Number of protein chains: 2
Amino acid sequence: MAPLSPPMDHVDRILAQWKQERQDLDVEPMGLLGRLARLRTHLAREIEKALAAHGLNSASFDVLATLRRAGPPYQLSPGDLLATTMVSSGTMTNRLDQLEKAGLIERAHNPEDRRSVIIALTPKGFALVDAAVTTHVENQHRLLEALGTDERAALDGLLRKFLAAFE
Amino acid sequence: MAPLSPPMDHVDRILAQWKQERQDLDVEPMGLLGRLARLRTHLAREIEKALAAHGLNSASFDVLATLRRAGPPYQLSPGDLLATTMVSSGTMTNRLDQLEKAGLIERAHNPEDRRSVIIALTPKGFALVDAAVTTHVENQHRLLEALGTDERAALDGLLRKFLAAFE
DNA sequence: CGCCATTGTCTTGACGTCAAGATAAAATGA
DNA sequence: TCATTTTATCTTGACGTCAAGACAATGGCG
């Protein structure tokens, strides 16, 4: 018996159209990259939903989580936060403005460098992110239920190698 | 000899911090999902760069490419375009407005349904997207160079299965 | 026929992001 | 020392996106 081929999905249909219209192109990479992009959009939307239950989005959660997992005293500079979050400095300023208004972080002067700012998690921010991360991790487990243990390990390994080409 | 373990990457460091700070959480899924998200950001930025050489971004390219690969007469309704692009109707209207201003598409009434609109690629739009897709596909090949043939197939298969859980 | 739910598209207002540049402080080095 | 470069953060203006809802046309159904 021939092995079962998986059913045609949305991305397969796109590739089939290109093969019809532009036979000169080798569109094979478009399949992998298209699936990665679509999957990422679905996952991001699911993650936003889970965080919304705590009044957060993934932008604000990322900042709070970075401060939380840094350990006591839960303080980092905007520059430190930039180094881990893949956003521009203007975006980080905007995120910090909102978190400060919400009382989840505080800005303090750095006595050792007056250009620099110390961002500190408030008790309210700490409590919120600690609750949110619990929900978030549970949600992440749920999102991975479609894959078995071996598949997760294989996928993670391939993503690791691929990602290494860019950072 | 023990097998070589890959070097610690950015995501590994995040996981190590969580393991230190929140030992109650099983953060294993965060590794896979974090790598997927970071990888997608890197890839999206590279793709934007390649399309910018043609004056396009991935938003406008997606619309033009959908019309192009649909085949003659290179016409679809906004609703058809919505069905393949994972954006809201307001986003699509905005994209079409700009493409129309740029002379790359035209809007026409649908004689069979006066609610409906026919979006047609102009000759200028056809020529542009045909050139852009050539560059885009070359760029996609380049982006996948980090992976071998077998790895690409394995990754694509896992992404296909994962994506199937969401659509 | 005429009412009502549905469909297809567009409008509005808000949000998150970025690139480019402004500002101020600190480090460098002649 | 002092001018220059570098670093750290913030500001500005533009862009792409979304959710919610407006609007007109269509299709079903009594």
Side-chain angles (χ1 to χ4, degrees), chain A residues 37-38 40-42 44-49 51-52 55-64 66-67 75-102 104-120, chain B residues 37-38 40-42 44-49 51-52 55-64 66-67 75-102 104-120:
Chain A
R38 289 184 76 89
R40 149 70 205 198
T41 299
H42 286 295
R45 287 178 181 174
E46 291 295 321
I47 288 169
E48 293 288 334
K49 274 192 232 166
L51 294 174
L56 295 173
N57 58 21
S58 57
S60 51
F61 175 77
D62 274 354
V63 173
L64 296 178
T66 303
L67 289 164
Q75 295 180 352
L76 293 170
S77 70
D80 294 334
L81 291 165
L82 274 182
T84 60
T85 47
M86 292 188 86
V87 297
S88 69
S89 65
T91 296
M92 184 55 67
T93 298
N94 184 41
R95 289 183 180 186
L96 295 174
D97 286 348
Q98 293 176 243
L99 291 169
E100 193 176 27
K101 268 183 212 150
L104 302 173
I105 62 158
E106 283 176 347
R107 279 179 167 105
H109 295 297
N110 182 342
E112 296 177 356
D113 184 341
R114 287 198 291 172
R115 292 170 301 182
S116 185
V117 172
I118 296 173
I119 307 297
Chain B
R38 288 184 75 88
R40 149 71 205 195
T41 299
H42 287 294
R45 287 178 182 174
E46 291 296 320
I47 288 169
E48 292 290 333
K49 273 192 233 168
L51 294 175
L56 296 173
N57 59 22
S58 58
S60 51
F61 175 78
D62 274 354
V63 173
L64 297 179
T66 303
L67 289 164
Q75 296 181 350
L76 293 170
S77 70
D80 294 334
L81 292 166
L82 274 181
T84 60
T85 48
M86 291 189 86
V87 298
S88 68
S89 65
T91 297
M92 185 55 68
T93 298
N94 183 42
R95 289 182 180 185
L96 295 174
D97 286 349
Q98 293 176 243
L99 290 169
E100 192 176 30
K101 267 183 214 151
L104 302 172
I105 63 158
E106 283 176 346
R107 280 180 167 104
H109 296 294
N110 183 342
E112 297 178 357
D113 184 341
R114 288 197 291 172
R115 293 168 300 180
S116 185
V117 173
I118 296 173
I119 307 297

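We name chains A, B, ... by the order of the sequence lines, and we start the count at 1 in each one. Quick caveat, the model's predicted, so the values are computed rather than measured.
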Quiz prompt | Closest heavy-atom pair and its distance - B/Ser58, B/Leu51 | solution = CA-CD1, 3.6 Å
Quiz item: Within the structure shown, what part of the strands sits under 4.0 Å from A/Ser89 by heavy-atom distance: base, sugar-phosphate, or nothing?
Solution: base
Exercise. Would you kindly give the CG-to-C1' distance between B/Asp80 and C/dT9, to the nearest whole Å?
Key: 13 Å
Practice problem: Round to the nearest Å and state the distance from B/Leu56 atom CG to D/dG16 atom P. | Solution: 11 Å
Self-check item: Closest to side chain of B/Ser77, choosing from C/dT17, D/dA25, C/dT9
Solution: C/dT9
Exercise. Describe the nucleic acid contact of B/Thr91 in one word from base, sugar-phosphate, nothing, applying a heavy-atom distance below 4.0 Å.
Key: base
Quiz item: Would you say B/Asn57 reaches D/dG16's phosphate, i.e. side-chain N/O to OP1/OP2 under 4.0 Å?
Solution: yes
Quiz item: Distance check: side-chain N/O of B/Arg115 vs OP1/OP2 of C/dT6, anything under 4.0 Å?
Solution: no
Exercise. Output, in order, the C-alpha distance, side-chain angles, deciding distance and verdict of side chain to side chain contact (heavy atoms under 4.5 Å, CB included) for A/Arg95 and A/Val87.
Key: CA-CA 10 Å; A/Arg95 289 183 180 186; A/Val87 297; 3.5 Å; yes
Practice problem: For A/Asp113 and for B/Asp113, locate the closest nucleotide of DNA chain C by heavy-atom distance; then report the residue assigned to the nucleotide nearer the 5' terminus. | Solution: B/Asp113
Practice problem: Measure the distance from CG on A/Leu82 to P on C/dT17 and round it to the nearest whole Å. | Solution: 12 Å
Quiz item: So what does B/Gln98 hit on the nucleic acid, given a heavy-atom distance under 4.0 Å: a base, only sugar-phosphate, or nothing?
Solution: sugar-phosphate
Quiz item: How is B/Gly79 classified with respect to the nucleic acid when contacts are heavy atoms under 4.0 Å: base, sugar-phosphate, or nothing?
Solution: sugar-phosphate
Practice problem: Could you tell me whether the phosphate oxygens of D/dT9, OP1 or OP2, come under 4.0 Å of any side-chain nitrogen or oxygen in A/Arg114? | Solution: no
Quiz prompt | Between C1' of D/dA19 and CG of B/Asn94, the distance in whole Å | solution = 15 Å
Practice problem: Write down the distance between CE (B/Met92) and C1' (C/dC10), rounded to a whole number of angstrom. | Solution: 13 Å
Practice problem: Write down the distance between NZ (A/Lys49) and P (D/dA19), rounded to a whole number of angstrom. | Solution: 10 Å
Self-check item: Residue B/Glu48 excluded, over 12 heavy atoms near CD under 6.0 Å
Solution: yes
Self-check item: B/Asn94 side chain to B/Thr91 side chain, donor-acceptor N/O pair below 3.5 angstrom
Solution: no
Quiz prompt | Result of checking A/Val63, A/Ile119, A/Thr66 against A/Leu76 for side-chain contact (heavy atoms from CB on, under 4.5 Å) | solution = A/Thr66
Quiz item: Hey, is the side chain of B/Arg107 poking within less than 4.0 Å of OP1 or OP2 on C/dT9, counting only N and O atoms?
Solution: no
Self-check item: Integer-rounded Å distance: D/dG16 C1' and B/Asp97 CG
Solution: 13 Å
Quiz item: Does D/dT9 have OP1 or OP2 sitting under 4.0 Å from an N or O in the side chain of A/Ser116?
Solution: yes
Quiz item: Within this structure, what is the CZ-to-C1' distance between A/Arg40 and D/dT17, rounded to whole angstrom?
Solution: 14 Å
Quiz item: Any side-chain N or O of A/Arg45 less than 4.0 Å from the OP1 or OP2 oxygen of D/dC18?
Solution: yes
Quiz item: Which nucleotide in the set D/dT17, C/dT17, C/dT9 lies at the smallest distance from any side-chain heavy atom of B/Arg95?
Solution: D/dT17
Quiz item: Side chain of A/Ser60, backbone of A/Leu56: donor and acceptor closer than 3.5 Å?
Solution: no
